[in-house]
Amino acid sequence: MEQTTLVRILVVEDEALMRRNIVRKISAVGPSFRVVGEAPNGKRALELIGELRPHVIFSDVNMPLMDGLELARVLREEQPDIRLVIISGHRDFEYARRAIQFGVRDYLLKPVEPETLEQVLRELGGDIQARRRGERCRHLGRILSGDTESADHQSYGLFHVLLGHRATGDLSAEQTKAFRTLWTRAQEDAALPGSRDDWFVFDGLRENEKLFLISSEAAPAGLPSLGEALLASLQAVVPTCPIHIGAAPRPVGEAELFSMRKTGSKSLYDHILVGRSACCEQTDEPAHRRTLLDAHTLQMLKTLAQNGDISALLKKIAQVTASWAQAPCRQRDYEAAVDHLLLMLAGVLPDSDDGRLDQAKRDILQQLVTEPDMTAATEGLLHALRALLATETGGSQQDICEKIEQYLQTHFAESLSMESLSRHFGFHFAHLSRLFKRYSGVTPLQYLTTLRIDRAAEMLRLNPEMDIRIVGQAVGYDDAHYFSRVFKNAFGMGPARYREKFRPERTDVSPSDSSETGDPAACL
């Protein structure tokens, strides 16, 4: 227990000698536990509560005017936040049972052993500290969300923390799940600077954003060095993506937290470098702007697009984007270059439309959020442009979808996902899914499910003696329970009942052998 965590204690005992003995033992535990008052009975204790504001009351049971159990009953109804510890010479179980009914925190027997008393105090101190922290966290959360203007004089170091790059739109379901996993790992395993209890963490606008707060008293080294230490601690447990931290330039009072949260998010966005982790100080000064596409390069790309030389256009774009990694590149500048490329294509491609170009931009920027470096980001950009140009120029969309169909038919029994499929074909998964659905009417995963279930049904018709679990594994479902559910959704019956329709007539089996419930998977 840290000395700064003060637990205020009221001792209630009618025997003066015993009361002084208890006070002495409590004081010997440490300065974090202070006896702020004494009372000879429960009635007097209730009178002192408003003045002394104790966190814990140690009370005898048998006392005049109001005994310990009656005191416990009143506290439960009127002061439920105060912890009560009963100290009694009675070993009767009935006292303990009634004490528990009244919400008594602990029940100690006289004479109180110092080791036992210290253990109880440490546990009480931990509970009180956790409650204080929870109240403080809720208070700060309301201030950060703008729900309250109430504030005290406490000040904090404020850090905007971003895993990956800033999201300018909604994250995909897979990205959301991945970031939640990363944040769980970061908050549980990261060796945060100082004491973990000094930090408060709040959600940002997106799943990959968090706000880290630490009281200024707990940050004597200064905010810049603390921000660098925070960055290092997070990188140690989340090495798979860049981490960006925006640090407030000075401790922020509670009254300023809400406004600093808004300006801090904008400031961080202005300074994010693609694929490079960094901690930067929040400032109103704009970051140095870098032009990734000058007028000469754009004109060259426009000429290639007007001439219909898509192969040369993509090759030139690849050369241009490869040069972007030679120097630090802000996310804002990267997004501006994406805008310029798409606007240029919109002006020269005959079949382009705003909806398709807007969707391509959303795909590119959504993919950027999780890219580890500039090389991966530009590869994702090229994949999206290649898909867009293939769609615009026609002739290859059907070829792509036919190749996807062929790939699924060949690999349907393997572990497949939209991520693995998009990596194999070099397109963003969102674009790949839309492209395939326009061609076939279903998404690739829907097509894969139908393919698997149709193949499973064929196996059950041709081999009705085959074990259902083996059939499921043969078509890509290692989980027999899940296989049975998917099969039933498709055919209106489980695989066991479906199999019975094609099993040869047998006279040497019991009724239970031929029922659907006889199969381990049939009940699903």
Side-chain angles (χ1 to χ4, degrees), residues 164-169 242 244 269-276 278 285-397 400 422 425-428 430-432 435:
H165 300 94
R166 184 178 185 269
T168 57
H244 308 279
Y269 182 37
D270 285 338
H271 292 81
I272 292 173
L273 300 178
V274 177
R276 298 198 180 192
E285 294 294 327
H288 176 68
R289 181 178 178 182
R290 179 183 170 195
T291 302
L292 299 179
L293 286 173
D294 56 34
H296 175 73
T297 302
L298 276 173
Q299 183 58 47
M300 184 186 306
L301 296 175
K302 182 177 180 180
T303 301
L304 291 173
Q306 288 174 330
N307 292 335
D309 194 343
I310 302 302
S311 176
L313 174 62
L314 288 171
K315 184 177 180 180
K316 185 60 182 178
I317 292 176
Q319 292 174 350
V320 172
T321 56
S323 68
W324 294 354
Q326 296 175 3
C329 172
R330 290 193 315 157
Q331 180 175 346
R332 276 193 180 277
D333 297 333
Y334 178 88
E335 292 178 1
V338 171
D339 280 336
H340 290 151
L341 278 174
L342 293 176
L343 285 173
M344 179 272 295
L345 293 175
V348 297
L349 292 177
D351 298 325
S352 63
D353 64 75
D354 291 343
R356 192 168 297 167
L357 290 168
D358 289 343
Q359 187 60 58
K361 179 181 177 180
R362 286 193 291 270
D363 290 348
I364 292 167
L365 298 184
Q366 184 185 66
Q367 187 173 358
L368 172 65
V369 176
T370 52
E371 296 296 13
D373 51 43
M374 176 58 84
T375 299
T378 54
E379 287 177 354
L381 171 61
L382 287 171
H383 289 161
L385 292 178
R386 189 178 296 115
L388 175 67
L389 293 171
T391 303
E392 295 291 349
T393 55
S396 60
Q397 178 179 350
I400 294 171
S422 61
F425 285 95
F427 295 112
H428 187 270
H431 177 81
L432 191 68
L435 191 69

Contact check, side chains of Lys302 and Leu298, non-hydrogen atoms, under 4.5 Å
no

Spatial distance of atom NZ (Lys315) from atom CD1 (Ile310) [nearest 0.5 Å]:
15.0 Å

His165 vs His244 side-chain heavy atoms within contact, under 4.5 Å
yes

Can Gln359 and Asp363 be counted as having a side-chain donor-acceptor contact under 3.5 angstrom?
yes

Is there a donor-acceptor pair closer than 3.5 Å between any side-chain N or O of Arg386 and the backbone N or O of Leu314?
no

Where does the angle between the aromatic ring planes of Trp324 and Tyr334 fall among parallel (under 30°), tilted (30 to 60°) and perpendicular (over 60°)?
perpendicular

Spatial distance of atom CG (Leu301) from atom CG (Leu345) [nearest 0.5 Å]
8.5 Å

Gap between atom OH of Tyr269 and atom CZ of Arg332 - 0.5 Å precision
5.0 Å

Closest approach of Arg276 to Ala327 (non-hydrogen atoms, all atoms of both residues):
NH2-C, 4.3 Å

Distance col, row Met300:CE vs Leu313:CG, nearest 0.5 angstrom, shows 11.5 Å

Atom of Val274, atom of Ala377 and distance for their closest heavy-atom approach:
CG1-CB, 4.2 Å

Is there a side-chain contact between Met344 and Leu341 (heavy atoms, below 4.5 Å)?
yes

Between Gln299 and His296, is there a side-chain heavy-atom distance shorter than 4.5 Å?
no

Are Val338 and Leu368 close enough that some pair of their side-chain heavy atoms sits under 4.5 Å apart?
no

Looking at Glu371 and Pro242, what are the two nearest heavy atoms and their distance?
O-CD, 3.7 Å

What's the separation between atom CG in Leu273 and atom CG in Asp373, rounded to the nearest 0.5 Å?
13.0 Å

So does Gln331 get a backbone contact from the side chain of Arg166, meaning a donor-acceptor N/O pair under 3.5 Å?
no

Thr168 side chain near Val369 side chain, heavy-atom distance below 4.5 Å
no

With the side chain counted from C-beta on, respond yes when Arg330 and Arg289 share a heavy-atom pair under 4.5 Å apart, and no when they do not.
yes

Shortest non-hydrogen pair, Val320 vs Leu292, comes out as CG1-O, 4.4 Å

From Leu343 atom CG to Leu293 atom CG, the distance as rounded to the nearest 0.5 Å:
11.0 Å

